[in-house]
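Worksheet for the structure shown next.
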Amino acid sequence: MLIGFGYDRHPLVSGRKLILAGVEVESPFGSLGHSDGDALCHAVIDALLGAAGLGDIGEWFPETEEYKDANSLELLRKTVEVLEKRGYRVINVDVTLLLSGVRLSPYREAILGNLKRVLKTDKVNVKFKSGNSLGFEGEGKGISCYAVCLLQEASG
Ligand code: MG
């Protein structure tokens, strides 16, 4: 068993979509990034790569033309494929997302559904933290995400 930890952070700006695990969330602002800015997928990708000892998301999916506006759920799918080729499978993933000013609970099932399908495990959990009235990093200005995962190495 191998544990991995991932973190990601993006600024929130108007005129961009807010996409979380491939789900478009209704919001007055969206995530700024080279790809689609899906901080949730990026944190999970880094957790998976970390567990497998394979570096980080920037090495696998650099900010080149190829990954401009990339669909990050697709990048997560590719990451799982990379792990599978090396004999790993995902046991579970647990995510904590920090975001103020947007109600995310209506999107929970869609987010979980996408993650479970791509990660090929039902053991996926996502937690939404609003920061209560304190907010996070300036109300509505930033999104942060933490993820941990457990991988199993295929036994010979
Ligand atoms: Mg990112």
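In this chain, residues are counted from 1 in sequence order. The figures that follow rest on heavy atoms only: side chains count, while hydrogens, waters and symmetry mates do not. Counting convention: from 1, in listed order, for ligands and their atoms alike.
- Inclusion of Asp38 in the first shell of the Mg ion (ligand 1) is not supported: no N, O or S atom falls under 2.8 Å.
- Although no hydrogens or angles enter the test, the distance criterion places no donor-acceptor pair under 3.5 Å between the side chain of Arg89 and the main chain of Ala154.
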Using the rule given for side-chain contact (heavy atoms from CB on, under 4.5 Å), can you reason through Ser31 versus Leu12, listing the C-alpha separation, both sets of side-chain angles and the distance that settles it, and then say yes or no?
CA-CA 5 Å; Ser31 181; Leu12 294 172; 4.2 Å; yes
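- One finds a salt bridge joining Glu74 and Arg77 here, because a Lys/Arg side-chain nitrogen approaches an Asp/Glu carboxylate oxygen to under 4.0 Å.
- Nearest N/O/S atom of His42 with respect to the Mg ion (ligand 1) is recorded as ND1.
- Put simply, the angle at the Mg ion (ligand 1) from NE2 in His10 to OD2 in Asp8 is close to 80°, to the nearest 10°.
- Leu76 places none of its side-chain heavy atoms less than 4.5 Å from the side chain of Asn114.
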